[in-house]
Amino acid sequence: MERHARALVALTASAAAAALIATAVAGPALARDRDSAVAFKPGTGQSVIDWNKQLITIINTPKIQPPTIHPTRSFAMLQAAEYDAVVSITHADPPYLLPVDAPGRARPDAAADQAAHDVLTALYPQMAPAVNQLLAAELKAIPDGTAKLEGIKVGSTVAARLVQERSSDGSGGAPAAFVRARGPATTAPPRPTSLLRCSRTGGPSGPLSWSAGTSSAPQPLPRSPVPTTAAALNEVESMGRDSSTTRTADQTSIARFWGAAPIWNAWNEIAQKTLMSTGRASRTP
């Protein structure tokens, strides 16, 4: 369940970032800075998908993802940077971190591209050549000029702030040792306190989504014997085994689908297809 929650956080951030960039033209009514209409021309919502695909490629590369850091942290940082880069210019929504000063004429698409690039090169410096190549391709689609340069500056500033803010979140620490529970009413050990604070409300340490003080520690198990618990365990055992005769063919297909790739990859790919099918990820100079 926890890995589903982590994937959904990244999924939501991806959709929000793409929608903001692709619909920047709809922002003038909401924005405070309206020095120029350039900032509100349709941007490269497609670029969010491009960067999302790039990150999936990176984390699927053997020995690239640090073993102690969960990949969903990278998805969240990538899309938070793109999001903040856009709203720093359009002011269409509140930022994740503090907004960056930006002229209204700056290009939000250029800002998002630069922010995405800088986050990925900071997280995966060994993948810099491929990330640099994608940035060059994305920026080439944006007309040269002051607005583009100002957008690039905004994106670079946003990324630097976000990377610095997450540098002390404890994500690279060794996980707590597992202690086998004993007895029918015991629970697994709680998570370290440092992982229960959200950077947005509880300082620089902790996940990007949970509220300050939120605990993800499991609740106490019911005392045995409990008929409903026994029935649930028997159902899992019956349906989950390879040779199950109670699982339907459709249920087997569903299980194989979700087990074929990491759940965070699957949800981000679903987000990509959804954005494309709804027309939000359009590319207009």
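Sequence positions, counted from 1, serve as the residue numbers for this chain.
The shortest heavy-atom contact between Leu162 and Ala80 is CD2-CB, 4.0 Å. Across all non-hydrogen atoms, the minimal contact from Ile89 to Ala102 is CG1-CB, 3.8 Å. Across all their heavy atoms, Trp51 and Leu78 have their closest contact at O-CD2, 3.8 Å.
In this structure, Ile270 and Lys273 have side chains that are not in contact, with every pair of non-hydrogen atoms separated by 4.5 Å or more. Side chains of Thr61 and Tyr124 form no contact here, defined as non-hydrogen atoms less than 4.5 Å apart. At a threshold of 4.5 Å between non-hydrogen side-chain atoms, the residues Arg107 and Pro143 count as touching. A heavy-atom distance below 4.5 Å is not found between the side chains of Leu123 and Leu55. Between Ile56 and Trp264, the closest side-chain pair of non-hydrogen atoms is not below 4.5 Å. Taking 4.5 Å as the limit, every side-chain heavy atom of Pro99 sits out of range of all side-chain heavy atoms of Val87. The side-chain heavy atoms of Arg166 and Arg73, taken from C-beta on, include a pair separated by under 4.5 Å. Put simply, the side chain of Glu269 does not reach to within 4.5 Å of the side chain of Asn52, judged on heavy atoms.
Gln114 contributes no side-chain N or O that, together with a main-chain N or O of Ala111, makes up a donor-acceptor pair within less than 3.5 Å. Judged by distance alone, with hydrogens and angles left aside, the side-chain atoms of Ser244 form a donor-acceptor pair with the main-chain N or O of Ser238 at under 3.5 Å.
Between atom OH of residue Tyr96 and atom CG of residue Asp84 there is a gap of 9.0 Å, rounded to the nearest 0.5 Å. One distance of note links CD1 of Ile59 with CD of Gln54; it measures 11.5 Å at 0.5 Å rounding. In this structure, CD1 on Ile69 lies 7.0 Å from OG on Ser74, to the nearest 0.5 angstrom. Atom CD1 in Ile49 sits 11.0 Å away from atom CG in Asn268 (nearest 0.5 Å). One distance of note links CE of Met77 with CG of Leu120; it measures 9.5 Å at 0.5 Å rounding. To the nearest 0.5 Å, the span separating CG on Asp101 from OG on Ser88 amounts to 8.5 Å.
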Let me check something: any side-chain donor-acceptor pairs from residues 126-134 under 3.5 Å, sequence neighbours excluded? List them with distances.
unit_1, atom_1, unit_2, atom_2, d
Asn132, OD1, His117, NE2, 2.6
Asn132, ND2, Ala128, O, 3.2

Show which side-chain atoms of residues 148-157 pair as donor or acceptor with protein atoms under 3.5 Å away, not counting sequence neighbours.
unit_1, atom_1, unit_2, atom_2, d
Lys148, NZ, Leu139, O, 2.7
Lys148, NZ, Ile142, O, 3.2
Lys148, NZ, Asp144, OD1, 2.8
Glu150, OE1, Arg105, NE, 3.0
Glu150, OE2, Arg105, NE, 3.2
Glu150, OE2, Arg105, NH2, 2.7
Ser156, OG, Asp118, OD2, 3.3
Thr157, OG1, Lys153, O, 3.0

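Pairs passing the salt bridge (charged side-chain N to carboxylate O under 4.0 Å, His left out) check and including a residue from residues 247-257, sequence neighbours excluded, do not occur.
Hydrophobic clustering, with ILVMFWY side chains joined whenever heavy atoms are under 4.5 angstrom apart, groups Ile254 together with Trp267.
Listed by chain and residue number, nothing satisfies the side-chain hydrogen bond (donor to acceptor under 3.5 Å, both in side chains) test with Gln164 (two or more places apart in sequence, or in another chain). Qualifying salt bridge (Lys or Arg N to Asp or Glu O under 4.0 Å) partners for Arg161, counting only residues two or more places apart in sequence or in other chains: none. Take Glu235 and apply the salt bridge (Lys or Arg N to Asp or Glu O under 4.0 Å) test, not counting sequence neighbours, and it matches no residue.
Glu237 has a carboxylate O that lies under 4.0 Å from a charged side-chain N of Arg241, or vice versa, which qualifies the two as a salt bridge. Between Asp50 and Lys53 no salt bridge is recorded (no basic side-chain N to carboxylate O distance below 4.0 Å).
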